[in-house]
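Structure first, commentary second.
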Amino acid sequence: MFKAVSNKVDFPAQELETLAFWKAHDTFAKSLAARREAPEYVFYDGPPFATGLPHYGHLLAGTIKDIIPRYQTMRGHYVERRFGWDCHGLPVEYEVEQELKISGKREIEKLGVDVFNERCRGIVLRYSGEWREVVTRMGRWVDFDRDYKTMDPAYMESIWWVFKSLWDKGLIYKGNKILPYCPRCATPLSNFETNQGYVDVQDPAITVRFRLVDAPDTFFLAWTTTPWTLPSNMALAVGPRMRYLKVLDGQTTYILAKERLGVYYRKPEQIKILDEVSGAELVGARYTPLFPYFADRAGAFRVIAGDFVSTEDGTGIVHMAPGFGEDDYAAALANKIPVVCPMDEEGRFTAEVSDYAGREVKEADADIIRRLKHEGALVHQSTIQHSYPHCWRCDKPLLYRAISTWFVRVESLRERILAANQGTDWVPAHLRDGRFGKWLEQARDWAISRNRYWGAPLPIWSSADGKETVCIGSMEELARRSGHPVSDLHKHFVDKITLPSSEGRGPLMRVPEVLDCWFESGAMPYAQAHYPFENREKFESRFPADFIAEGLDQTRGWFYTLMVLSTALFDKPAFRHVIVNGLVLAADGRKMSKRMKNYPDPAKLIETYGADALRLYMVNSPVVRAESLRFSEAGVQDLMRHILIPLWNAHSFFVTYANVDGWKPGAGGRMSEVGSQPTNLLDRWIGSSLEALCAEVTLALDAYDLQRAVRPFVHFIENLTNWYIRRSRRRFWKSQDDADKTEAYETLYTVLLTLSKIAAPFTPFISEEIYRTLRTETMPESVHLCDFPQGDESRRDKPLEQRMADVMTVVGLARGLRAAHDLKVRQPLARMWVVCRDAARLAAIAERQDLVLEELNVKEVRFLERESGFATVKAKADFRKLGPRLGSKMKHAAGAIAALTGEQVEALAAGAALTLQLDGAPFVLEPGDMTIEHLPHPGHVVAAEAGFVVALDTQRTPELEREGLAREFVNKVQNMRKTADLEVTTRIRLEVSGAPAVREALDKHGEYVRAEVLAVACEWRDNTDDGAQAMDLNGHACAIRLTPA
RNA sequence: GGGCGUGUAGCUCAGUUGGUUAGAGCGUGUCCCUGAUAAGGACAAGGUCCCUGGUUCGACUCCAGGCACGCCCA
């Protein structure tokens, strides 16, 4: 006996039981243990931040990260799956700052970096329990107990090794980067932080003049909204292809962009245009500095060319303060202009700018403007309203300034990175050379240091004068060189450690920065294994990964950092195959937003439909090809209805009847006979279809195309439930235990068992339930411990699949006719005709005419090879065949072929060649050059499709009417049985009264009726007062009373 | 401004080397079927395959140029 299976299944509840089973039996561990000696398939799991709860994007990526490893395990590989956590970085620091109600560098350092960091350590895994719960509930198998954390000492030590390896290869250097900086918090901000703080503000907008060295009465005009940067002016920039004018205004000559002239001089008669030049001609001109502070700097105070110069505002000549602007800085480097940055950490002028030393730079704007005015350098003054970034913590306007930063020389690695990228395989394929490849091509040096606290410290120690610098690559090295034992590499430990100088420069101190957390996650392949300190061999065999899967946003995140580091270290990509998922959007097409509540809570959704339904829904969408998905709850329900429920019902059907009959797997012996074929065509057909399914799924999964892998399930389940089972139903009911019945059980059993394995990677829960109900003692205890069904083309029978498709076509046509002419299937009809010109196809249908007759409730089918009175034949040109031969004559030929008479078509079909006159030239038409189409004769009950013509005889004799009535009666009783919730085997008694026609039908077909409804007795008596159910049978009154026997 | 992607039915999406009736599901309407079914089936309505041009006997498909939307970068 199989475990009883209800057709009223509660998937979410059942999934919880499955989870409990996996837990109790340690099934995941067993699935790994079973493959311990097998070839390894390497998967790397990208670490999420655990500072928030998982959302649909994580569930989606998690599902993909589950399907492929499950599949590869079933295909005979050992697939280790370790979860990882990204522990360091700003998100954690923010949370702590908010909890402690502190903000910025000064307050953190006042509190103590040790206190702060330990607090970060304390909260970083705060939500890991919830993560584990949700990930597990989704059915994902991943090892949380042996997870890796980027804050583990071993992980951090490997990061140091990575860093030092790059250092030794000369790939690390120190430079400057212009970053938004908050003077109050004394902290640079990331781009992400900056983007959330734009506010509309008013700023001064002044135009000042710079005197040319070679022509003291001539001035460049430049415009700025940050007067405080003027003391740091080092150059002026012009657009090399822009046009500039020299205009005489009174005694003075000014130079500005031609396009901006009208803005400065509304009345042209005020001035005289002296000359027009290109920007390129101005380049190199020297001017007198406005302020004396840096007047002695060599190479400064000249005009340079810049592509960033625009004529949207200002004068078309841009004031360059290289210490305070990104373009300015880059242009200064390119043109060998000195960089000055006379501002301290608090945002005050340094002593270099003696007149304003100690004053907040922005606060000095007014005095600077006053002074310029006094000195005659101010040409125009106004204010501007614009959007300007502000600190998200303290709301102060941010200042851009040069920050000392450490870089990886990505630009020098670029060619090698691109070469390594060629060794990767992407889904979707275009990403490799498209978005990702293009990103690589324009990659800049990577700024890897952060002026923060909670992160892996840069392992660099440096003397006070900066002339001696040491990079440390391991704990042991640090301990040896410093004489201090080391067990934790976080900032508050290692900053206390100094190294002796080897050049007599005094103690070397650690540089203050920590690493970008992307550097840490990019080092995951090495660091999760604590390479090279441990696991040397293991790492080497596990690098690069066979497979990773993350979201599209990782093109400039993890995908990138993995690739940079693996190329720098080993000249290889870190992964071979990658599936990139797109964004999960809310149903309204906008981003999912907690505030707007525009999406269903994932936990609730899983409680309603189950994880299998959610998994299938997500995977069966273009979101597994990096396109975005509008998440729809109805879509999840839809998949449950169309795949999971029918699958479950097929299973439930099988178990119910197998138990009724006491059928056991293997009892008939056929199962064990290799290569044995069932005799029943339906059985052979579903077996062949299953083989097709297996082949398609295998092909798609081997290509990492998940959506394509899911699609054939829909078709197969439809075939299984709506054709195989429906047409086989009676085979399972037959009370004699004959060979055909056994074969049906064997077939359905094998199909369901195999199907559970093919579906296991996608829907691990329902597959497990079905498998566990069906398995025998000798089979593995879980479907996930089984091998994936091995495809075997020899088990395909494609001609049979085609023949069955023909039968379905014929049935479909006839059903359409019944519907169109209002002839319900319960009403038997005397005969039908099936016409097909292909005798072989016709014969194949004749062979299975029982299916057709039963499905359509028709007494007899007649087969014809000619349409005779039912339809007219028409010829249609086969464009595919004729097109290449005829070329431009194709159109004419098509017309001529369509115009052929019935006799001509007939003759052609019979094999006679026909000569057409095309544009005066003869053309010999052969039978294969056309296809025959049918036009059903109007007024007849006839339909045609795909070479078949089907006609129905709609005559209803009294005998047919009676039989129809009997079937109607059976239907009503069956519904009553169902309503009364009777077992399928329960015998009943019937008492019936009603119209004479009903009685006649029952008298004539009583035996059939009793057998169908399992009635031991069917009495005709007046039962109207006796709780009988009154109903209408095809217009005849009837009352039925049903009691269990 | 640059890069990449997407654009097919009211909605979500398929569409295989270019071939003449462009498909499925949902939704809508009508009907049917049901002793596996919170099911299923048939039929109907619904399409400028984003636009323009080109190549071709023939373009949803290939090419070029636009437009719209999305993401990334500047």
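Chain naming here is simple, since letters A, B, ... match the order of the sequence lines and numbering starts at 1 in each. These numbers come from the heavy atoms of this one structure, side chains and all, not from hydrogens, waters or symmetry mates.
What separates CD of Gln707(A) from P of rU6(B) is a distance of 13 Å, to the nearest Å. Between Leu644(A) atom CG and rU37(B) atom P there is a gap of 17 Å when expressed in whole angstrom units. If you take OH of Tyr560(A) and P of rC72(B), they are 17 Å apart, rounded to a whole angstrom. Atom pair Glu627(A):CD and rC13(B):C1' shows a separation of 10 Å (rounding to whole Å applied). One can place CG of Asp553(A) at 10 Å from C1' of rC71(B), the figure rounded to the nearest angstrom. Between Glu326(A) atom CD and rA74(B) atom P there is a gap of 8 Å when expressed in whole angstrom units. In this structure, Ile770(A) atom CD1 and rA36(B) atom P are separated by 17 Å, rounded to whole Å. We find that CG of Leu829(A) is positioned 15 Å from C1' of rC33(B), with the value rounded to whole Å.
Near RNA chain B, meaning a heavy atom under 4.0 Å away, the residues from residues 714-723 of chain A are Thr721(A), Asn722(A).
For rG29(B) and rU37(B), the C1' atoms lie 24 Å apart once the distance is rounded to whole Å. rU6(B) and rG15(B) are spaced 11 Å apart, taking the P atom of each and rounding to whole Å. Rounded to a whole angstrom, the distance from the C1' atom of rC62(B) to that of rG19(B) is 15 Å. A gap of 42 Å separates the P atoms of rU30(B) and rA68(B), to the nearest Å. The P atoms of rU61(B) and rU20(B) are separated by 14 Å, rounded to the nearest whole Å. If you take atom P in rC11(B) and the same atom in rC72(B), they sit 25 Å apart, rounded to whole Å. Annotation: rA9(B) and rG5(B) have their C1' atoms spaced 23 Å apart (nearest Å). Going from the C1' atom of rC60(B) to that of rU8(B) covers 7 Å, rounded to whole Å.
For Val9(A), the listed nucleotide lying nearest its side chain is rA38(B); candidates were rA14(B), rA38(B), rA36(B). When each of rU34(B), rC71(B), rA14(B) is scored by its nearest atom to the side-chain atoms of Asn971(A), the top-ranked nucleotide is rU34(B). The side chain of Lys438(A) lies closest to rC4(B), out of rU37(B), rU12(B), rC4(B). Between rA36(B), rC71(B), rC4(B), one nucleotide has an atom nearer to the side chain of Phe653(A) than all others, and that is rA36(B). Taking only side-chain atoms of Trp439(A), from C-beta outward, the nucleotide of rG5(B), rU12(B), rC72(B) with the closest atom is rC72(B). Comparing atom distances between the Arg641(A) side chain and each of rA36(B), rA39(B), rA14(B) picks out rA39(B) as nearest. Distance from the side chain of Met640(A) is smallest for rA38(B) among the nucleotides rA38(B), rG25(B), rG40(B). Residue Arg556(A) has its side chain nearest to rC73(B) when only rA14(B), rC73(B), rU12(B) are considered. For Lys591(A), whose side chain is taken as the heavy atoms from C-beta onward, the closest listed nucleotide among rC71(B), rA14(B), rA36(B) is rC71(B). Among rU37(B), rA14(B), rG40(B), the nucleotide with an atom closest to any side-chain atom of Arg726(A) is rG40(B).
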Exercise for the section: I would like to know whether Asp425(A) and Arg432(A) meet side-chain contact (heavy atoms from CB on, under 4.5 Å); could you show each step before the answer? Expected result: CA-CA 7 Å; Asp425(A) 181 41; Arg432(A) 186 186 71 185; over 6 Å; no
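Legend: residues meeting ring pair (Phe, Tyr, Trp, His ring centres under 6.0 Å) with Phe2(A), ordered by chain and number and at least two apart, are Phe654(A). The ring pair (Phe, Tyr, Trp, His ring centres under 6.0 Å) test applied to Phe631(A) returns Tyr56(A), Tyr617(A), not counting sequence neighbours. Under the ring pair (Phe, Tyr, Trp, His ring centres under 6.0 Å) criterion, Phe969(A) pairs with no residue, sequence neighbours left out. Among residues two or more places apart in sequence or in another chain, the ring pair (Phe, Tyr, Trp, His ring centres under 6.0 Å) test is passed with Tyr560(A) by Trp439(A). Residues satisfying the side-chain hydrogen bond (donor to acceptor under 3.5 Å, both in side chains) test with Trp446(A), not counting sequence neighbours, are Asp516(A).
The partner of rG1(B), taking Watson-Crick or G-U wobble pairs whose two distances both stay under 3.5 Å, is rC73(B). Checking rC62(B) for Watson-Crick or G-U wobble geometry (two distances, each under 3.5 Å) identifies rG54(B) as its partner. The partner of rC13(B), taking Watson-Crick or G-U wobble pairs whose two distances both stay under 3.5 Å, is rG23(B). Pairing of rU34(B), defined by two Watson-Crick or G-U wobble distances under 3.5 Å, is not identified with any nucleotide. Pairing partner, rC43(B): rG29(B), with both Watson-Crick or wobble hydrogen-bond distances short of 3.5 Å.
Residue contacts shown for Pro428(A) are absent, as no nucleic acid heavy atom lies under 4.0 Å away. His642(A) comes within contact range of the sugar-phosphate backbone alone, with a heavy-atom separation under 4.0 Å but no base atom that close. Within the nucleic acid shown, Arg708(A) has no heavy atom closer than 4.0 Å to any nucleic acid atom. Gln442(A) comes within 4.0 angstrom of sugar-phosphate atoms only, judged by non-hydrogen atoms across all strands, and of no base.
The ring of Phe11(A) has its center no closer than 6.0 angstrom to the ring center of Tyr609(A).
Contact check for Met618(A) versus Val636(A): no side-chain heavy atoms found under the 4.5 Å cut-off. Looking only at side-chain heavy atoms (C-beta outward), Asp661(A) and Tyr745(A) come within less than 4.5 Å of each other. With contacts defined as side-chain heavy-atom distances shorter than 4.5 Å, the pair Leu748(A)/Phe732(A) qualifies.
Each of Asn620(A) and His430(A) lies near RNA chain B, and the nucleotide nearest His430(A) is the one positioned closer to the 5' end. For the pair Asp638(A) and Glu968(A), both in contact range of RNA chain B, the more 5′-proximal nearest nucleotide belongs to Asp638(A).
In terms of phosphate contacts, Arg625(A) brings no side-chain nitrogen or oxygen within less than 4.0 Å of OP1 or OP2 of rC13(B).
Ring planes of His651(A) and Trp648(A): perpendicular class, angle over 60° (limits at 30 and 60°).
Side-chain to base pairing of Arg435(A) with rC71(B): one donor and one acceptor N or O lie within less than 3.5 Å of each other.
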